[in-house]
Each structure stands twice: as C-alpha cells, then as structure tokens.
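Below you'll find the structure, written out as structure tokens, and then a few comments.
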Amino acid sequence: MVKWTLSELEKMKPEDERYDAKVQILMESVRHHVEEEQEELFPRPGGCWATNLLFELGDRIEKAKKIAPTRPHRGPRTSRPGTW
C-alpha cells in the first residue's frame, strides 16, 4: 500500500485535488505499519536481553541506516528504449 501510494504521489503535484487525501492515506499506512512492527513483529525485549547486546544491536542498526538506500531501486531496465 505504501509503495503504491508513493508511486501515485510522484505522478501528482501538491496542487492536485486528491494530493492531500493521498498524503493522508500514506501517513495512516506508515503509522499502521510501524505500530504493527512495534507490537507484533519486534516487541520490546524487556528484561530478557542483556544491556550490552541491546547497545550492540543499536550500533548495528545505526551503521545499516547510513548505507541503506533512501529511495527504492527502479529494477531492471525493460527491452523498450527509453523506459525503465
């Protein structure tokens, strides 16, 4: 849903009639996704993890963020000239 909404927004201008509604849908989708991750996929570790392990995990995440792409890759080029 998020990727689809982003692709729709990239085709629009902020002045477009449906732009604000699309942004609202995007925000709700991202919030839902984050909530799902925090509660179901990656619950707080609580007391079962050692503090040093949590700091190490945090360091690894920060390093990964620095090299992670900020925009999706367009994928393989099609056989038609001038298209991606």
Side-chain angles (χ1 to χ4, degrees):
M1 179 65 132
V2 171
K3 288 182 182 181
W4 179 80
T5 307
L6 282 172
S7 71
E8 291 291 311
L9 282 170
E10 286 180 340
K11 299 172 193 171
M12 300 173 78
K13 295 179 183 177
E15 303 84 33
D16 289 346
E17 183 179 329
R18 296 178 35 223
Y19 189 86
D20 288 341
K22 293 273 184 191
V23 170
Q24 187 66 34
I25 290 170
L26 176 65
M27 288 173 28
E28 290 172 7
S29 296
V30 170
R31 285 185 182 129
H32 175 75
H33 179 77
V34 168
E35 183 178 299
E36 183 180 59
E37 281 186 351
Q38 287 176 339
E39 293 177 3
E40 297 171 21
L41 299 176
F42 305 109
R44 292 182 181 254
C48 65
W49 291 38
T51 303
N52 62 337
L53 181 59
L54 291 174
F55 279 111
E56 181 184 338
L57 181 59
D59 289 341
R60 287 183 180 189
I61 290 172
E62 289 302 317
K63 287 177 184 174
K65 281 182 177 181
K66 290 178 183 176
I67 61 170
T70 57
R71 297 185 57 78
H73 189 275
R74 290 183 160 196
R77 189 175 170 105
T78 64
S79 59
R80 294 189 337 227
T83 61
W84 285 95

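Residue numbers run from 1 in the order of the sequence given.
One finds the CG atom of Asp16 at 11.0 Å from the CD atom of Glu8 (value rounded to the nearest 0.5 Å). Between Met27 atom CE and Lys22 atom NZ the span is 15.5 Å, to the nearest 0.5 Å. Distance check, rounded to the nearest 0.5 Å: OG1 of Thr5 to CD of Glu10 gives 11.5 Å. How far NZ of Lys3 is from OG of Ser29: 13.5 Å, rounded to the nearest 0.5 Å. Atom NE2 in His33 sits 10.0 Å away from atom CD in Gln38 (nearest 0.5 Å). Here Gln24 contributes atom CD and Arg18 contributes atom CZ; the two are 15.0 Å apart, rounded to the nearest 0.5 Å.
One finds a salt bridge joining Arg60 and Glu56 here, because a Lys/Arg side-chain nitrogen approaches an Asp/Glu carboxylate oxygen to under 4.0 Å. A salt bridge links Glu62 with Lys65: the closest approach of a Lys/Arg side-chain nitrogen to an acidic carboxylate oxygen falls below 4.0 angstrom.
Ile25 and Val30 fall into different hydrophobic clusters, defined by Ile, Leu, Val, Met, Phe, Trp and Tyr side-chain heavy atoms under 4.5 Å apart, directly or through other members. In the hydrophobic cluster analysis, where Ile, Leu, Val, Met, Phe, Trp and Tyr join through side-chain heavy atoms closer than 4.5 angstrom, Ile61 is grouped apart from Phe55. Under the 4.5 Å side-chain heavy-atom criterion for Ile, Leu, Val, Met, Phe, Trp and Tyr, Trp4 and Leu26 are members of distinct hydrophobic clusters.
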Chi angles and distances behind the side chain to side chain contact (heavy atoms under 4.5 Å, CB included) call for Glu40, Glu37: CA-CA 6 Å; Glu40 297 171 21; Glu37 281 186 351; over 6 Å; no
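What you find for Lys13 and Tyr19 is that their closest heavy atoms are O-CD1, 3.4 Å.
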